[in-house]
Amino acid sequence: MGTKRDLVSILDMKEDLVGLLELAASIKNRTKAGEPYEPLRGKSLAMIFEKASTRTRVSFEVGMTQLGGHALFLSPNDLQIGRGETIADTARVLSRYVDGIMYRAFRRENVLELARNASVPVINGLDDKEHPCQVIADLFTILEHRRSFKGLKFAYVGDGNNVCNSLLLGAAIVGMDMTAACPGGYEPDAEILVSARRIAKGRGSKIHVVDDPVAAVQRADVVYTDVWVSMGQEKEKEQREKVFQPYQVNSKLLDDAKKDAVVMHCLPAHRGLEITDEVIDGPQSIVLDQAENRLHAQKAILSRLLAGV
Ligand code: CP
Ligand code: NVA
């Protein structure tokens with residue numbers, strides 16, 4: 001107890017995010033070279049999923065196996081949480097069996113409650129506020145394609161959601177300029193925006209939130225979008241699909257970005273809504289590199305938090 005380290009917000013990695021991206025690169029190189037790297041031999045990760053997942057579940061599970069450990073998939077319906085056992089008791093009990101807990105939750109409060117009561121590291125696998133593991137992989141992917149964050153213009157177009165919030169903080173931490181274009185009423189979290197701007201100021205970079213997608217992508221090096229309807233917002237689907245229509249990332253919008261701009265999406269994509277087939281399947285899209293890099297970036301996160309690498 002006392003020395004464990006959690007990843008609830010990407011801010012928890014603020015001091016060594018760059019080092020973590022370097023570790024991800026070295027782990028990826030070793031994996032590609034077929035060199036075994038198993039700092040988590042004999043270790044186990046519990047994974048609690050309150051929401052669906054393809055990438056997070058598979059990349060964490062495969063990542064643990066490649067690191068020499070093991071992952072357990074737990075759904076709240078199968079756990080006693082579904083029958084009223086508290087998150088705190090679940091955290092205390094799981095801490096006696098496993099070496100880390102990954103949690104995809106509806107509410108940030110519950111992730112914090114789990115982290116407070118677990119004596120092992122807790123990793124946020126997406127909540128209502130943030131998606132830190134996604135954005136660590138995204139930053140790693142940007143570095144692979146652009147070498148440095150310095151001078152880059154990053155544009156986010158769409159919903160000011162969990163992914164956008166972590167991107168704002170992540171961009172600020174690495175000193176990359178970011179402009180988010182979100183419709184009124186769908187802006188990023190106000191407190192997160194304040195923190196991102198404070199950090200960016202110290203790093204000499206700029207964070208803007210606007211409502212005009214065309215203004216956001218002007219001369220951008222990276223254009224990023226995410227779904228208009230996040231998990232848990234299904235009831236707002238009709239309204240959201242109307243409001244977000246002008247925020248579609250299509251070839252016309254992309255014309256305003258730099259000619260060699262890359263296009264990113266954390267996936268799953270709703271083709272024909274936030275992004276067109278033409279763009280997501282086009283030569284500027286790096287969405288599959290992003291998806292692959294979830295594996296390498298999370299292996300770095302797991303090695304650092306569970307084995308102190
Ligand atoms: N990007 C992402 O987190 O995907 P999943 O919901 O499939 O895990
Ligand atoms: N914003 C999306 C991300 C999915 C990976 C959601 O929360 O559903």
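In each ligand, atom 1 is the first atom listed, and ligand 1 is the first ligand listed. This is a predicted model, so every value here is computed, not measured. Residue numbers count from 1 along this sequence.
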Does the plane of the ring in Phe244 sit parallel, tilted or perpendicular to the ring in Trp228? Use 30° and 60° as the thresholds.
parallel
NE2 of His270 to CD of Glu274, rounded to nearest 0.5 Å, is 7.0 Å
Quick check with a 6.0 Å cut-off and a 45 degree axis cone: is Lys51 positioned over the face of Phe106's six-membered ring?
yes
Can you name the side-chain contact (heavy atoms from CB on, under 4.5 Å) partners of Ser75, sequence neighbours left out?
Phe73, Asn77, Asp78
Identify whether the distance between the nearest side-chain nitrogen and carboxylate oxygen of Arg107 and Glu50 falls below 4.0 Å.
no
Around ligand 1, what residues show up once you keep those with a heavy atom under 4.0 Å from it?
Ser53, Thr54, Arg55, Thr56, Arg104, His131, Gln134, Cys266, Leu267, Arg294
Check ion pair Asp6-Lys4 (N to O, under 4.0 angstrom):
yes
Using a strict cut-off of less than 4.0 Å between a Lys/Arg side-chain nitrogen and an Asp/Glu carboxylate oxygen, indicate whether Asp221 and Lys153 qualify as a salt bridge.
no
One pair per line, please: each N/O atom of ligand 2 matched with every protein N/O atom under 3.5 Å away, atom names first, then the distance to 0.1 Å.
from, atom 1, to, atom 2, distance (Å)
ligand 2, 1 (N), Asn161, ND2, 3.3
ligand 2, 1 (N), Asn162, OD1, 2.9
ligand 2, 1 (N), Asp226, OD2, 2.7
ligand 2, 1 (N), Ser230, OG, 2.8
ligand 2, 7 (O), Asn162, ND2, 2.9
ligand 2, 7 (O), Ser230, OG, 3.4
ligand 2, 8 (O), Met231, N, 2.8

Name the atoms and distances for all side-chain donor-acceptor pairs under 3.5 Å in residues 167-187, with sequence neighbours left out.
from, atom 1, to, atom 2, distance (Å)
Asp177, OD1, Lys206, N, 2.8
Glu187, OE1, Gly185, N, 3.0
Glu187, OE2, Gly185, N, 3.4

Please tell me whether Val229 and Leu126 are part of a single hydrophobic cluster in this structure, the criterion being side-chain heavy atoms less than 4.5 Å apart.
no
